[in-house]
Amino acid sequence: MDSQKYHAYNIRNFRDIPQMQYLSEDEKMAIEVVGRVLPFKANNYVVNELINWDNYENDPIYKLTFPQKEMLEVENFHLISDLLKRGNKEELKKEINEVRLQLNPHPDGQLSHNVPEIDGIKLTGIQHKYRETLLFFPSQGQTCHAYCTFCFRWPQFIGMEELKFASKEIELLIEYLKRNPYITDVLFTGGDPLVMNTKHLKSYILPLLESNLPNIRTIRIGTKALSYWPYRFLTDHDADELLNLFSTVKESGKHLAFMAHFNHPQEMETQAVRMAIERILETGAQIRTQSPIMRHINDEASTWAKMWQKQVDLGCIPYYMFQARDTGAQHYFGIPLVKSWQIFSEAYRNVSGICRTVKGPSMSADPGKIQVSGVTEVKGEKVIALIFLQGRNPDWVKRPFFAEYDENAIWIDELKPAFGEDCFFFEDDFENITENLRHPFDLSTIVE
Ligand SMILES: *Cc1c(COP(=O)(O)O)cnc(C)c1O
Ligand code: SF4
């Protein structure tokens with residue numbers, strides 16, 4: 001395969017993209033306006049190989065990467081657009097910030113909770129929310145090959161610095177893992193950790209392997225590189241070295257779980273992505289896939305069924321469908337929970353058991369990952385059945401609970417407990433945990 005040189009497009013140079021000739025001046029202006037508020041970045045692979053420019057107005061990958069006018073509320077759009085025309089930089093900056101803050105940049109206790117400490121040192125690049133899995137945000141992996149317009153990590157990309165997680169402290173990470181033997185998984189996340197060059201990634205992963213901690217079974221890497229820049233695994237100068245690193249993880253007896261973000265079956269079509277998947281699987285790594293469900297992008301059951309089937313065809317394991325978070329352009333992307341469940345279940349019914357490794361739709365909320373199991377009737381009351389797939393308290397997992405039927409609710413905080421109850425079963429316990437009255441992990445239940 002010919003070597004490909006990465007070329008990034010952003011708000012300053014997007015007019016250089018040759019395909020911009022298909023857009024009207026108004027459409028380009030809309031990118032300019034919305035792209036000032038929400039992060040915007042594309043690259044030559046996304047532009048040339050993923051987007052179908054003959055029909056860009058309806059193209060899911062176009063909407064996934066290029067800001068759309070409707071992503072801002074009408075009055076905010078006009079506000080920023082007028083300020084841009086008038087050219088008052090100070091006022092523009094101030095209003096952009098105002099609009100960003102209205103868009104709930106850090107939903108659901110993302111920043112304040114779950115940051116652990118060792119001997120009084122806050123481990124700011126680490127999040128430990130679920131007992132078995134630690135999230136690690138390597139400081140050099142806090143950007144992406146292209147930006148998704150729905151991204152909830154967006155404050156990291158637009159320089160709202162105080163909202164950023166990051167860490168260089170691999171020694172502290174290892175110390176923390178030593179002291180918390182129930183952790184089995186370390187999940188590298190970002191941004192996108194595979195934006196880092198292999199040398200940097202090695203400096204995180206090799207010490208982890210060398211520390212020889214028997215509790216660590218799985219190293220996970222959450223990434224969109226496979227979809228947005230598959231050349232990372234093919235022709236980038238350190239692609240082979242990266243694949244060798246994956247093999248090294250496997251050879252050391254750990255599982256390398258490659259958590260790939262795919263949002264639409266169109267991303268599985270190129271020769272580059274198919275070759276990249278093949279090369280990754282050859283290292284002994286496994287690829288699991290996940291995506292949020294979003295209006296305008298993937299809100300049809302057939303899209304999901306097709307995506308899961310293609311993933312399985314290529315040797316990947318469908319893993320999660322997420323409910324889009326309550327941040328950014330949620331009025332544009334948001335789908336009510338009941339509707340997400342309908343789409344999920346229709347897609348699920350139309351694939352064989354091999355594709356049904358997927359779980360969803362799931363909300364990553366502050367108390368945990370909450371799945372909508374379905375809509376049903378209990379003693380004459382129409383209800384939504386819910387279940388924790390992950391909980392701040394592991395004891396909550398897999399206990400069904402019920403909310404009043406509400407076909408408009410988009411998030412757990414809009415749901416009311418069914419049967420006239422005051423609160424959901426976990427709420428008191430959750431309050432104790434968040435107020436630090438109780439440690440969320442009951443250490444006595446660890447399986448030796
Ligand atoms: C999703 C998630 C994990 C991993 O959960 P799995 O169900 O094991 O994939 C870990 N930590 C946080 C904060 C998460 O949101
Ligand atoms: S790849 Fe992930 S972190 Fe990066 S912009 Fe998209 S959703 Fe956000």
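Both ligands and their constituent atoms are indexed starting at 1 by order of listing. Computed from a prediction, not measured in an experiment: that's the story for all the values here.
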Please confirm if an N, O or S atom belonging to Cys144, backbone or side chain, lies less than 2.8 Å from atom 8 (Fe) of ligand 2.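 No, outside the cut-off.
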Near ligand 1, which protein residues have a heavy atom under 4.0 Å away?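 Within 4.0 Å of ligand 1, the protein residues are Lys129, Tyr130, Thr133, Leu135, Arg220, Tyr319, Tyr320, Lys369, Gln390.
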Whether Lys359 engages the ring of Tyr319 as a cation-pi pair (distance to the six-membered ring centre under 6.0 angstrom, angle to the ring normal within 45°) should be assessed.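 Yes, a cation-pi geometry holds between Lys359 and Tyr319.
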Check for me whether Arg356 meets the cation-pi criterion with Tyr348, that is, NZ or CZ under 6.0 Å from the six-membered ring centre and within 45 degrees of the ring axis.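 Because its charged atom sits under 6.0 Å from the ring centre and within 45° of the axis, Arg356 does stack over Tyr348.
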Listed partners of Ile410 passing side-chain contact (heavy atoms from CB on, under 4.5 Å), at least two apart: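 Per chain and number, Ile410 pairs via side-chain contact (heavy atoms from CB on, under 4.5 Å) with Gln323, Gln330, Glu414.
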Partners passing side-chain contact (heavy atoms from CB on, under 4.5 Å) against Lys28 (at least two apart in sequence or in another chain):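 side-chain contact (heavy atoms from CB on, under 4.5 Å) list for Lys28, sorted by chain: Phe14, Arg15, Met20, Leu23, Glu25.
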Looking at Arg274 and Glu278, is there a salt bridge between them, counting it only when a charged N and a carboxylate O are closer than 4.0 Å?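 Salt bridge absent between Glu278 and Arg274.
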Answer yes when Asp119 and Arg179 have at least one side-chain N-carboxylate O distance shorter than 4.0 Å, and no when they do not.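 Salt bridge: yes.
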So between Cys148, Pro39, Ala225, whose heavy atom ends up nearest atom 6 (Fe) of ligand 2?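 Nearest heavy atom to atom 6 (Fe) of ligand 2 lies in Cys148.
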Number the atoms of ligand 2 from 1 as they appear, then name those within less than 4.0 Å of a heavy atom of Cys151, with their elements.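 Near Cys151, meaning under 4.0 Å from one of its heavy atoms, ligand 2 has 3 (S), 5 (S), 7 (S), 8 (Fe).
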Contacting atoms of ligand 2, where contact means under 4.0 angstrom from a heavy atom of Gly191: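 Answer, ordered by atom number: 3 (S).
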Those residues that, when tested against Lys224, pass salt bridge (Lys or Arg N to Asp or Glu O under 4.0 Å) (two or more places apart):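 Counting only residues at least two positions away or on another chain, Lys224 forms a salt bridge (Lys or Arg N to Asp or Glu O under 4.0 Å) with Glu267.
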Does a donor on one side chain sit under 3.5 Å from an acceptor on the other, for Arg288 and Gln286?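 Yes, because at least one side-chain N or O of Arg288 sits under 3.5 Å from a partner of the opposite role on Gln286.
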